[in-house]
Trainee: 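Here it is: the structure, laid out below.
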Amino acid sequence: MAARAAGGCGDARDTQVPLLDELMPWSVRPLRTGRPWVIAPDATSLRARWDRLVRAPADERERLFRATRSRTPLTPVAALPGQATGTGRFAREEGPCPEPVRIAHGPFDEQWLLPDHRLIDAARPELWRVADGHQLFAVEHGYVPQDTGPALSVTALLPDGHWPAGRPGRIRPLFRRPEGREPNLAPGLLNLLRARHGDSVTARSVLAWVLAAARHSPAGCVVPLPADTARWSAGVELGQELLRLHLRGARGAERPRLPGGRRPYVRAAVPPVPAGLAYDADSETLTVGTGRISPVPPGAWEFRVGGVRMLELWFGRRSAAGAQDVDGLEAVRPHAWPQEWTSQLLELITLFALLDGLRPRQEGLADGPGITVADLRAAGVLPVAAAARRPASVLGHQEEGPDGQFALL
């Protein structure tokens, strides 16, 4: 369990406010790819990288592979759960590229991953086993002093937990088993909240409250729990709005949409190789090379996580300037700016503008009487049993191990 310490957003905090680590006890460390070329903003580049790698001579393949202590072309490894990829030594691989999967690459960026366990140093198979059409993942944002951005984000995609600044956070699935079974909540927490706020309390409404109310602290996210039902209901309603935005159309949610007159439009087309990103607050115009997008609210441009401006980070990962110093397979990338990236940029601007607009409603959620750590201990919710911090046994089928052997779990 995370150590308790004073301080939150740079200020002293009440240690009687529970940590997210106590409320959602099962967590997984971020993925560690070991080689950045297995992730890309577009799936086409990943397929081209794979083809170049498997067609290269043995010595060139080893150089392109970028071996680490965990993975070399000769490392035996099991398949990722749910992925039909090879388990033979990669040095012998000659087959077609596995279908890239969409992932959440850090906060608010969606990219693609080659789901081949032979290419990923630490893929966290326990996450892949519970990633299905019912699962949602809460991803803590690493602590950075004086950070005023959100403490966590939620995604329906499998997250890699990548963190652009500070200390990486943890990935917390909402459910411990596939098909939305066994909420990843401290045993007894749902019953306690239902006794306080009614039978309408569900695992998803708890996640909604967490998304709306979580705050930074050096010990991890803190989550004030309200004792009064009116504040709980208001926070859950706000959290459901935030969830719809974070999910960006997944799980039946509507895609983010600003009201008419405030929607960003492309006023001048983004060039094939945009030179840089700039913002003019007076005209609310975002310049992408010689391309222009407006209106872009200041809150969208200034939206930051861990002190990092998200629009600049997103653009930097896709710009030609950001790829000047890369070589090997990372250099295999689009020669011109794809149209879908412009569409993604418009959606991100919309998302950040809407999230920024909801911040004032989040400010007062911590005010008022709360359910304290002492209350949770008295109810038997805390301390959390060790078993609740470990993955559940969810193996319903045989998983292929190295060289076609079946894994014994």
Side-chain angles (χ1 to χ4, degrees), residues 20 24 102-111 133-141 147-159 161-162 164 169 171-174 202-216 221 223 233-265 284 286 293 295-306 308-314 340-365:
L20 180 59
M24 298 182 71
R102 192 82 160 166
I103 65 166
H105 181 49
F108 305 107
D109 193 356
E110 296 182 358
Q111 297 205 20
H134 301 272
Q135 187 65 269
L136 297 175
F137 298 96
V139 185
E140 287 187 56
H141 299 163
D147 184 8
T148 59
L152 75 156
S153 53
V154 174
T155 178
L157 299 174
L158 187 124
H162 180 78
I171 301 168
R172 300 182 188 273
L174 179 57
T202 64
R204 184 167 175 135
S205 61
V206 173
L207 179 64
W209 171 268
V210 167
L211 184 57
R215 300 291 183 266
H216 296 286
C221 292
V223 183
S233 298
V236 169
E237 181 181 2
L238 172 58
Q240 296 287 11
E241 290 185 53
L242 291 167
L243 267 178
R244 285 192 290 271
L245 294 176
H246 280 237
L247 295 182
R248 296 158 71 172
R251 304 290 185 268
E254 295 181 1
R255 301 200 77 86
R257 188 178 181 88
L258 284 163
R262 295 303 298 163
R263 294 171 190 161
Y265 288 96
E284 294 192 331
L286 184 69
I293 298 172
V296 177
W301 169 249
E302 287 295 339
F303 192 90
R304 298 169 187 257
V305 176
V308 178
R309 187 179 282 124
M310 288 291 98
L311 287 179
E312 286 187 322
L313 178 64
W314 182 92
E340 57 264 31
W341 288 0
T342 302
S343 299
Q344 293 168 19
L345 179 56
L346 292 172
E347 182 175 85
L348 270 186
I349 292 168
T350 299
L351 172 65
F352 295 153
L354 291 169
L355 290 176
D356 181 70
L358 291 176
R359 281 183 178 180
R361 290 173 56 189
Q362 294 180 256
E363 294 302 321
L365 290 180

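Computation of the quantities below employed the complete heavy-atom set of this structure, encompassing side-chain atoms and omitting hydrogens, waters and symmetry-equivalent molecules. All values derive from a computational prediction rather than experimental measurement.
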Trainee: Side chain to side chain contact (heavy atoms under 4.5 Å, CB included) between Leu348 and Leu351: does it pass, once the steps are laid out?
Mentor: CA-CA 5 Å; Leu348 270 186; Leu351 172 65; 4.2 Å; yes
Trainee: Using 30° and 60° as the class boundaries, would you call the ring planes of His162 and His105 parallel, tilted or perpendicular?
Mentor: parallel
Trainee: What do the steps show when you test Gln344 against Arg248 for side chain to side chain contact (heavy atoms under 4.5 Å, CB included), and what is the final call?
Mentor: CA-CA 11 Å; Gln344 293 168 19; Arg248 296 158 71 172; 5.8 Å; no
Trainee: Return the set of residues passing salt bridge (Lys or Arg N to Asp or Glu O under 4.0 Å) with Glu241 (not counting sequence neighbours), or none when no residue passes.
Mentor: Arg361
Trainee: Compare every heavy atom of Ala151 with every heavy atom of Cys221, then report the nearest pair and how far apart it is.
Mentor: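 Taking Cys221 first and Ala151 second, the nearest heavy atoms are SG-O, 3.5 Å.
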Trainee: Once you round to the nearest 0.5 Å, how far does CD of Glu140 lie from CD1 of Ile171?
Mentor: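 Output value for this atom pair is 10.5 Å.
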Trainee: Okay, side chain of Gln135, backbone of Leu174: is any donor-acceptor separation there less than 3.5 Å?
Mentor: yes
Trainee: Compare every heavy atom of Pro159 with every heavy atom of Val139, then report the nearest pair and how far apart it is.
Mentor: CG2-CB, 3.7 Å
Trainee: Can you tell me which residue among Leu207, Leu20, Leu152 is in a side chain to side chain contact (heavy atoms under 4.5 Å, CB included) with Arg172?
Mentor: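 For Arg172, the side chain to side chain contact (heavy atoms under 4.5 Å, CB included) test succeeds with only one of Leu207, Leu20, Leu152, which is Leu20.
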Trainee: Can you confirm whether His246 sits close enough to Leu355 that some side-chain heavy atom of one is under 4.5 Å from a side-chain heavy atom of the other?
Mentor: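 Counting from C-beta outward, His246 and Leu355 do come under 4.5 Å.
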Trainee: Just verifying a value: how many Å separate Glu347 CD and Thr342 OG1, rounded to the nearest 0.5 Å?
Mentor: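 Rounded to the nearest 0.5 Å, the CD-OG1 separation comes out at 13.0 Å.
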Trainee: Applying side chain to side chain donor-acceptor pair (under 3.5 Å), can you list everything that pairs with His141, at least two apart in sequence or on another chain?
Mentor: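 So His141 forms a side chain to side chain donor-acceptor pair (under 3.5 Å) with Ser153.
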Trainee: According to the salt bridge (Lys or Arg N to Asp or Glu O under 4.0 Å) rule, which pairs have a member within residues 349-358, sequence neighbours left out?
Mentor: Asp356-Arg359
Trainee: Given side chain to side chain contact (heavy atoms under 4.5 Å, CB included), test Leu365 with Trp209 step by step and report yes or no.
Mentor: CA-CA 9 Å; Leu365 290 180; Trp209 171 268; 4.2 Å; yes
Trainee: Does a sphere of radius 6.0 Å around CD in Glu254 hold more than 12 heavy atoms from other residues, nucleotides or ligands, not counting ones at 6.0 Å or beyond?
Mentor: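 No.
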Trainee: Return the set of residues passing ring-ring contact (aromatic ring centres under 6.0 Å, His included) with Phe137 (not counting sequence neighbours), or none when no residue passes.
Mentor: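 Applying ring-ring contact (aromatic ring centres under 6.0 Å, His included) to Phe137 gives none.
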Trainee: Look up atom CD1 in Ile103 and atom CG in Leu157, then write down how far apart they are to the nearest 0.5 Å.
Mentor: 8.5 Å
Trainee: If the condition is side chain to side chain donor-acceptor pair (under 3.5 Å), which residues does Thr202 pass it with, not counting sequence neighbours?
Mentor: Ser205
Trainee: With sequence neighbours left out, write down each residue that passes salt bridge (Lys or Arg N to Asp or Glu O under 4.0 Å) with Arg204, or none if nothing qualifies.
Mentor: none
Trainee: Take Leu247 and Leu136 through the test side chain to side chain contact (heavy atoms under 4.5 Å, CB included) and record every step on the way to the result.
Mentor: CA-CA 9 Å; Leu247 295 182; Leu136 297 175; 3.6 Å; yes
Trainee: Could you tell me which residues satisfy salt bridge (Lys or Arg N to Asp or Glu O under 4.0 Å) with Arg257, sequence neighbours excluded, listed by chain and number?
Mentor: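 Partners of Arg257 under the salt bridge (Lys or Arg N to Asp or Glu O under 4.0 Å) test: none.
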Trainee: For Leu311 and Ala300, work out which heavy atoms get closest and say how close.
Mentor: CD1-O, 3.6 Å
Trainee: Considering all heavy atoms of both residues, which atom of Val154 and which atom of Ala138 are nearest to each other, and what is their separation?
Mentor: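 Looking at all heavy atoms of both residues, the closest pair is CG2-CA, 4.3 Å.
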Trainee: I'd like to check the side chain to side chain donor-acceptor pair (under 3.5 Å) partners of Glu312; sequence neighbours left out, ordered by chain and number.
Mentor: Arg309
Trainee: If every non-hydrogen atom of Leu346 is compared with every non-hydrogen atom of Pro264, which pair is closest and at what distance?
Mentor: CD2-O, 3.8 Å
Trainee: Would you mind reporting whether Pro150 and Phe303 have side-chain heavy atoms less than 4.5 Å apart?
Mentor: yes
Trainee: Residues in salt bridge (Lys or Arg N to Asp or Glu O under 4.0 Å) with Arg251, at least two apart?
Mentor: none
Trainee: Does Leu354 have any side-chain contact (heavy atoms from CB on, under 4.5 Å) partners at least two apart in sequence or in another chain, and if so, which?
Mentor: Leu245, Pro256, Leu258, Thr350
Trainee: Applying side chain to side chain donor-acceptor pair (under 3.5 Å), name anything that partners Arg244, two or more places apart in sequence or on another chain.
Mentor: none
Trainee: Over all heavy atoms of both residues, which pair between Leu211 and Leu243 is shortest? Give the atoms and the distance, please.
Mentor: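 Looking at all heavy atoms of both residues, the closest pair is CD2-N, 3.6 Å.
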Trainee: Please identify each residue that fulfils side-chain contact (heavy atoms from CB on, under 4.5 Å) with Glu363, with sequence neighbours left out.
Mentor: none
Trainee: Would you call Leu345 and Ile293 a side-chain contact if the rule is heavy atoms closer than 4.5 Å?
Mentor: yes
Trainee: Any heavy-atom pair between the side chains of Gln362 and Leu242 that's under 4.5 Å?
Mentor: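 They are in contact (side-chain heavy atoms under 4.5 Å apart), so the answer is yes.
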